[in-house]
Amino acid sequence: MKTLVNDNSFDSDQISYIGPKKDNTYQWNVIGKEDFKERLLKVFGMVSDAIINTLGPYGSQVIIDEYGEPHITKDGWSLLRRLRFNDDEMVLNNILSMLIRIAGPVVSTVGDGSSSSIAMSNVLYKNLVKDERINSLRSKEKQDLLIEAAHLISQVIQENATEVDKSGDLHEIYKLAHVSTNGNDAIAAMIQDIYNKTGNPTIYYKEAKGAETSYEVVEGYKLNAALIDPIYITTDEGNCDVTDPYFIMFDHKIDNNKYYPVIIQSALNIARNQNRKLIVMAPYISRNYLMAIAHDTKARFNAFGDSDVIYTHVSTANNVLADYFSDFSILTGGQLITEMDYEKYVEIEKYKEECDKEGKEYDGVKVHEFDINNFIGQSKFVSINMKDMTASGLDFKNENLYGIHMKKAVADYEAMRESNRELNRLDVKEYELKQRVSKLKCSMGNISVGGMTSLERQANLDLVEDAVKATESAYVYGYNIGGSLAITQAVYSILRKLKEEGKQDSDIYHVCSLIGASATAVYSLVLSNKYENDTDKVDEIIKESLKSNKIYDLVKDEYSTEVINSCRTDIEILKASISVVSLLLSSSLFVSINPSVGNGHGE
């Protein structure tokens, strides 16, 4: 192990303050172009050196001392987001924070690549900042040129990608997960098996309570709906298991107003006639109604030893959870009873009462009938506990409504994902929207990630997260050769085409050449972790890898097709690197509201 990082303090003794010249009478919070450029190079250099040590199978593990608890990892993102400079180097910390914010979306999209994006940014920035041709351009021209190059290269990377063979045994998924977990055979096999059983690339993962890592495939729909009282529990495991249940579902508060019990009783009568139980679901039940329910339930248990109506609380705390509930109602073939539906029902009942009082026969003309059968849902089985509910055998859905819900769920997720990519941000709502799409498929995998200690479980969770995102990305977009060489290959294709068009002297040809060289340099850094003093060997491997479209397996010492990654990994690495570099190249001043910027010592 080569690197020791303390989360509370990152040693920056080798960085001296670079502030205004001593003959500058006025101290202020502006750092000029040259000073800013020098600080950038120092930050890039230090961060890149720390990150590079973790790259590849021969990359070192890192000990992170987080508030007295040691945490061992090889994950570059875990290291990157914990790096800090001393408190008196706030400008350097601000620059570092900017790098982390731009690298973050790479992780959120494809699970890996933050280390490579920082390493490539460092190399590319150094190549561009000393290039006379690039320096002769205006800031806007530099930005436009880099963005154009990134767009061209990304297109070719996507075109060159190989689709995952979804009709086969999905060995590509195993290979991707194996690489992402640094060679963990067990986790790679779990993920491959989940894909084979579900065909669903979205996998839910969480930290287990014990040492063992396990997985399950959930067939059905899991919802944040819990029993309101443990009296309904029927199994030793704390579940209420019901076969062939009916559901009556409200999207609003219900109380003991005389009409709610009548609606529920109508549905219960239908269930009783078919010897089935009724599950009542609502986001909130009034205290008075809960008391009435408790009284009736105990009376039923005393008389029959069971209850044929089960009340549950459904979480609809935000729009995403509300959408989950709405999706569930559609999957059961039922409908949510809205407040508008309830008011329609009350209007009907009041009109009937008026007819009775006046001695008139109810004609059903004034208002449309409220048919409870239109709102009742069903499934073949449901298991409910004090935390959640899982329903399976959802074969009763309205296909048209289901199609509308699925289409909207996919559109919402893709819009949020694209927005987050453009703004370089991480957003938990994107994950929730992706979960919605996955849940609607009614078949998904769950991985419980274990470890001997909480720190080991967290380290393993980082690996699983990387693997889940990498495999999902490749399943959707395709995969290509690893080691960032897909970027170099794409650049070579573009250069050949530009040369054929007689544009070898153009600015776009020149900047693409620099990007390709920078991507190749990242691969050489991975190789150097094993062949540290053998540059000839590194050059030989790079040439052969590009020629054969195979990555050199550093563990087996052979060229292999087993080392692959999602094509989106390379695209996101490229986009992140271009974002960092274009921003820095076009910036000439750094202004900070931190008062210590004036002299570096807070005076």
When rounded to the nearest 0.5 angstrom, what distance separates CG in Leu440 from CG in Asn200?
10.5 Å
Any non-hydrogen side-chain atom of Ser180 less than 4.5 Å from a side-chain atom of Lys175?
no
Working for side chain to side chain donor-acceptor pair (under 3.5 Å), residues His178 and Asp185:
CA-CA 6 Å; His178 194 263; Asp185 293 321; 2.8 Å; yes
Rounded to the nearest 0.5 Å, how far does CG of Leu176 lie from OG of Ser473?
9.0 Å
Asp395 with Lys380: basic N within carboxylate O range, under 4.0 Å
yes
Would you say Glu163 has more than 12 foreign heavy atoms packed within less than 6.0 Å of its CD?
no
Would you say Ser419's side chain and Ala415's backbone share a donor-acceptor pair under 3.5 angstrom?
no
side-chain contact (heavy atoms from CB on, under 4.5 Å) evaluation trace for Lys397 with Thr332
CA-CA 5 Å; Lys397 60 180 176 287; Thr332 65; over 6 Å; no
Is the closest side-chain heavy-atom distance between Ser117 and Glu572 below 4.5 Å?
no
For Lys277, is there an ion pair with Asp244 - N to carboxylate O distance below 4.0 angstrom?
no
Salt bridge between Lys357 and Glu353, side-chain N to carboxylate O under 4.0 Å?
no
Run Val262 and Tyr345 through side-chain contact (heavy atoms from CB on, under 4.5 Å) and show every step you take.
CA-CA 10 Å; Val262 172; Tyr345 174 80; 2.8 Å; yes
Counting N and O atoms only, with roles assigned by atom type, does the side chain of Asn273 sit under 3.5 Å from a partner on the main chain of Asn269, one being a donor and the other an acceptor?
yes
Just checking Asn319: does its CG atom have more than 12 heavy atoms from other residues, nucleotides or ligands closer to it than 6.0 angstrom?
no
Show, in sequence, the C-alpha distance, side-chain angles and deciding distance for Tyr246 and Arg276, and conclude whether the side chain to side chain donor-acceptor pair (under 3.5 Å) test is met.
CA-CA 7 Å; Tyr246 276 145; Arg276 298 168 74 168; 3.2 Å; yes
Just by modelled atom types, is the Glu172 backbone N or O under 3.5 Å from a matching donor or acceptor in the Gln192 side chain?
no
Within the supplied structure, the quantity of interest is the number of heavy atoms (other residues, nucleotides, ligands) at a distance under 6.0 Å from Glu399 CD; does it exceed 12?
yes
Is the closest side-chain heavy-atom distance between Glu207 and Gln458 below 4.5 Å?
yes
Any donor-acceptor pair under 3.5 Å linking the side chain of Thr213 with the backbone of Gly450?
yes
Considering all heavy atoms, the nearest Lys166-Tyr475 contact:
NZ-O, 3.0 Å
Do Asp241 and Thr235 pass the side chain to side chain donor-acceptor pair (under 3.5 Å) test, and can you show the C-alpha distance, the side-chain angles, and the key distance before you say yes or no?
CA-CA 7 Å; Asp241 291 347; Thr235 72; 4.8 Å; no
Around atom NZ of Lys206, are there more than 12 heavy atoms of other residues, nucleotides or ligands at under 6.0 Å?
no
So, taking the atom named CD1 in Ile481 and the one named SG in Cys567, what distance separates them when rounded to the nearest 0.5 Å?
14.0 Å
Verdict with reasoning, Thr162 to Ile564, per side-chain contact (heavy atoms from CB on, under 4.5 Å):
CA-CA 10 Å; Thr162 302; Ile564 58 177; over 6 Å; no
For Arg457 and Val449, run side-chain contact (heavy atoms from CB on, under 4.5 Å): C-alpha distance rounded to whole Å, both residues' side-chain angles, the deciding distance at 0.1 Å, then the answer.
CA-CA 6 Å; Arg457 286 193 291 274; Val449 184; 5.7 Å; no
Any side-chain heavy-atom pair of Phe375 and Asp341 under 4.5 Å:
yes
Minimal heavy-atom distance between Thr234 and Cys240, with the atoms involved, is OG1-CA, 3.5 Å
Any side-chain heavy-atom pair from Asn239 and Ile384 closer than 4.5 angstrom?
no
Hey, what do you get for OG (Ser154) to CD1 (Ile578), rounding to the nearest 0.5 Å?
8.5 Å
What is the minimum heavy-atom distance between Ser443 and Val217, and which atoms define it?
OG-CG1, 4.3 Å
Charged N to carboxylate O below 4.0 Å: is that the case for Arg436 and Asp323?
yes
Short side-chain to backbone donor-acceptor contact, Gln335 and Asn374, under 3.5 Å:
yes
Donor-acceptor pair between Asp165 and Ser167 side chains, under 3.5 angstrom
yes
Going by the angle between their ring planes, with limits at 30° and 60°, are Tyr221 and Tyr324 parallel, tilted or perpendicular?
perpendicular
Between Glu219 and Lys197, does at least one N-O distance fall below 4.0 Å, as a salt bridge requires?
no
Which pair of heavy atoms, one from Ile191 and one from Ala467, lies closest together, and at what distance?
CD1-CB, 3.6 Å
Start with the C-alpha distance between Asp327 and Lys439, add both sets of side-chain angles, then the distance that settles salt bridge (charged side-chain N to carboxylate O under 4.0 Å, His left out), and finish with yes or no.
CA-CA 9 Å; Asp327 292 340; Lys439 286 162 71 69; over 6 Å; no
Taking the six-membered ring where the residue is Trp, are the ring centres of Phe328 and Phe247 under 6.0 Å apart?
yes
Separation of Glu432 CD from Asn318 CG (nearest 0.5 Å)
5.5 Å
With Lys253 as the cation and Tyr284 as the aromatic partner, state whether NZ or CZ is under 6.0 Å from the six-membered ring centre and within 45° of the axis.
no
Pair Asp296 + Arg300, salt bridge at N-O below 4.0 Å
no
Can you classify the ring geometry of His171 versus Tyr174 as parallel (below 30°), tilted (30 to 60°) or perpendicular (above 60°)?
parallel
Checking Ile228, Val280, Val242 against Ile310 for side-chain contact (heavy atoms from CB on, under 4.5 Å), the one that qualifies is Val242
Contact check, side chains of Ile254 and Ile264, non-hydrogen atoms, under 4.5 Å:
yes
Do other residues, nucleotides or ligands put more than 12 heavy atoms under 6.0 Å from the CG atom of Asn275?
no
So Tyr260 and Tyr342, would you call those rings parallel, tilted or perpendicular, with 30° and 60° as cut-offs?
parallel
Restricting to non-hydrogen atoms, name the atom on Asp412 and the atom on Leu433 that form the minimum distance, rounded to 0.1 Å.
O-CD1, 3.6 Å
Is there a side-chain contact between Pro261 and Tyr289 in this structure, where contact means two heavy atoms from C-beta onward sitting under 4.5 Å apart?
yes
Does some side-chain heavy atom of Asn446 sit less than 4.5 Å from a side-chain heavy atom of Tyr215?
no
Between Ala486 and Ile157, which heavy-atom pair has the shortest distance, and what is it?
O-CG1, 3.9 Å
Under the 3.5 angstrom rule, does the side chain of Gln158 hit a backbone N or O of Tyr477 as a donor-acceptor pair?
yes
Evaluate the criterion side chain to side chain donor-acceptor pair (under 3.5 Å) for residue pair Asn565 and Asn480; output intermediate values, then yes/no.
CA-CA 6 Å; Asn565 56 239; Asn480 49 30; 3.2 Å; yes
Quick check for you: to the nearest 0.5 Å, what is the distance between Leu394 atom CG and Cys442 atom SG?
5.0 Å
